Amino acid sequence: MPTPNEILIELKKVKYPGFTRDIVSFGMVKDIEIAHKGVVVTLSAPSANAEVVAQIVEDVRRTAAAIPGVPAVDVHMEQPADTPKMAPGSHRRPVPGVRHVIAVASGKGGVGKSTVAVNLALAMRAAGWRIGLLDADVYGPSVAMMVGAEHRVELTPERRIIPLESFGIRYISMALFVNDETAVIWRGPMVTKLETEFLFNVEWGELDCLVLDLPPGTGDAQLTITQRVALAGGVVVTTPQEIALMDVRRGVTMFQEVGVPVLGVIENMSYHICRKCGARHEIFAHGGGARLARDLGVPFLGELPIVRELREGGDYARPLAAVRPDHPVTAAFRSIAAQIIDGLKRTEA
Ligand SMILES: Nc1ncnc2c1ncn2[C@@H]1O[C@H](COP(=O)(O)OP(=O)(O)OP(=O)(O)O)[C@@H](O)[C@H]1O
Ligand SMILES: [Mg+2]
């Protein structure tokens, strides 16, 4: 009988229907057990679509059964006890005019999620995609500030919100509609409800991709958005510290539990390059993001150094990926953008 690891390697041949990527890299294989009667493969519930599930189960069964020495195969669907059930009547809505919606999440705050979302959006724009960016964080006006949203938001005659435009991308910040007093009222479950409504009330026009900068964390608010908006994929941002890495798991699980493909993990503030000598300093034990992504069976999209220009770009509304096309970190963002675009194109195939 082969080992679980050998079986896992074989299961990489099973593609997620509609993708060129396999179910192992999507993190769907939760467990492989060798029982004396045969092999038991446990999969995470991938999607609400029964046809897709049935096909994956069949492909896994066939692939595992074809391995020499495997007498029988049983495929289980994991239904974790804490899997949030979709509220009755709730369903995932596509955003009109928008081809793909992706969400950028992080397990904890302050890891540079908004910085990454902004520069990633700009790098996707540089690749020729029409991009929108929604800052779904009511309490942190980061995105508006990072791209310089000083103008007033206007409405169409139908009272739909006209997004602002800067550096060739359309964006809107929830925070533009909230002052300190209303932020207090907005706290709690109402926020999420309003947030999803808000998203659909923006006149985005035609977009290739809308990037959602989710509020930090993986609580109810984030989960509700992932359940109400038809997401093409999720991206998880982390820093290399152990404490942040632990939360990556939660970020990845959040997407997987609601059947949203994880496009990958990005490690931010991964290392520091000395401005004087050009040497690379590993302030935290670096590489944890890549390792964890591998363990979780999701792609690792890249690592970004700590650079002053990235912070200054955010502070002075001169985002690096837009104003420094020659910068090595811009190149890193473009590489990440290319991988995401690639992943999204496959969802269309
Ligand atoms: N790679 C980096 N190099 C230097 N500074 C960075 C880098 N990434 C982020 N920063 C800076 O770190 C701070 C926090 O980043 P950011 O606001 O993007 O984090 P966040 O995860 O969105 O935070 P929050 O949880 O508050 O939403 C900002 O001042 C930002 O400019
Ligand atoms: Mg933020």
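All figures in this text were calculated on a predicted structure; none of them were measured in a lab. Remember, it's 1-based here, ligands and their atoms both numbered in the order they're listed. Starting from 1, each residue takes its place in the sequence as its number.
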Side chain, backbone, both or neither: which part of [X] has a heavy atom under 4.0 Å from ligand 1?
X      : result
Asn268 : side chain
Pro305 : backbone
Ser114 : both
Thr115 : both

> Among all residues two or more places apart in sequence or in another chain, which pass the side-chain hydrogen bond (donor to acceptor under 3.5 Å, both in side chains) test with Lys30?
Replying inline: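 For Lys30, the residues satisfying side-chain hydrogen bond (donor to acceptor under 3.5 Å, both in side chains) (neighbours in sequence not counted) are Gln256.
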>> As an exercise, state the distance from CG of Leu320 to CZ of Arg311, rounded to the nearest 0.5 Å.
In response: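 The CG atom of Leu320 sits 12.5 Å away from the CZ atom of Arg311.
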> Roughly how far apart are Ile131 CD1 and Met124 CE, rounded to 0.5 Å?
Replying inline: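 Between atom CD1 of Ile131 and atom CE of Met124 there are 4.5 Å.
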> Can you list the atoms of ligand 1 that are under 4.0 Å from a heavy atom of Lys113?
Replying inline: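 Near Lys113, the atoms of ligand 1 are 18 (O), 19 (O), 20 (P), 21 (O), 22 (O).
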>> If the cut-off is 4.0 Å to any non-hydrogen atom of Ile306, which atoms of ligand 1 fall inside it?
In response: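 Those qualifying, in numeric order: 1 (N), 3 (N), 4 (C).
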> Cation-pi between Arg125 and Phe167: NZ/CZ under 6.0 Å from ring centre and within 45° of the ring axis?
Replying inline: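 No, Arg125 and Phe167 do not form such a contact.
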If we only consider heavy atoms of [X], is any one of them less than 4.0 Å away from an atom in ligand 1?
X      : value
Gly110 : yes
Val307 : yes
Ser270 : no
Gly314 : no

>> Starting from Ile162, can I reach Leu207 by hopping between I/L/V/M/F/W/Y residues whose side chains sit under 4.5 Å apart?
In response: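 Shared cluster, no.
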> Are Leu155 and Leu164 co-members of a hydrophobic cluster defined by side-chain heavy atoms under 4.5 Å apart?
Replying inline: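 Linked within one cluster.
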>> For a distance under 2.8 Å, tell me if Thr115 has an N/O/S atom near the Mg ion (ligand 2).
In response: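 Of the N, O and S atoms in Thr115, none lies under 2.8 Å from the Mg ion (ligand 2), which means no.
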> Asp213 and side chain to side chain contact (heavy atoms under 4.5 Å, CB included): which partner among Asp135, Thr115, Val118?
Replying inline: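 Going through Asp135, Thr115, Val118 one by one, the side chain to side chain contact (heavy atoms under 4.5 Å, CB included) with Asp213 is satisfied by Asp135 alone.
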Could you tell me whether [X] and ligand 1 have an N or O pair separated by under 3.5 Å?
X      : value
Gly109 : no
Gly112 : yes
Val116 : no

> Under the salt bridge (Lys or Arg N to Asp or Glu O under 4.0 Å) test, which residues partner Arg99, sequence neighbours left out?
Replying inline: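 By the salt bridge (Lys or Arg N to Asp or Glu O under 4.0 Å) rule, Arg99 matches Asp208, Glu348.
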> Which heavy atom of Val98 sits nearest a heavy atom of Trp204, and at what distance?
Replying inline: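 It is CG2-CB, 4.2 Å.
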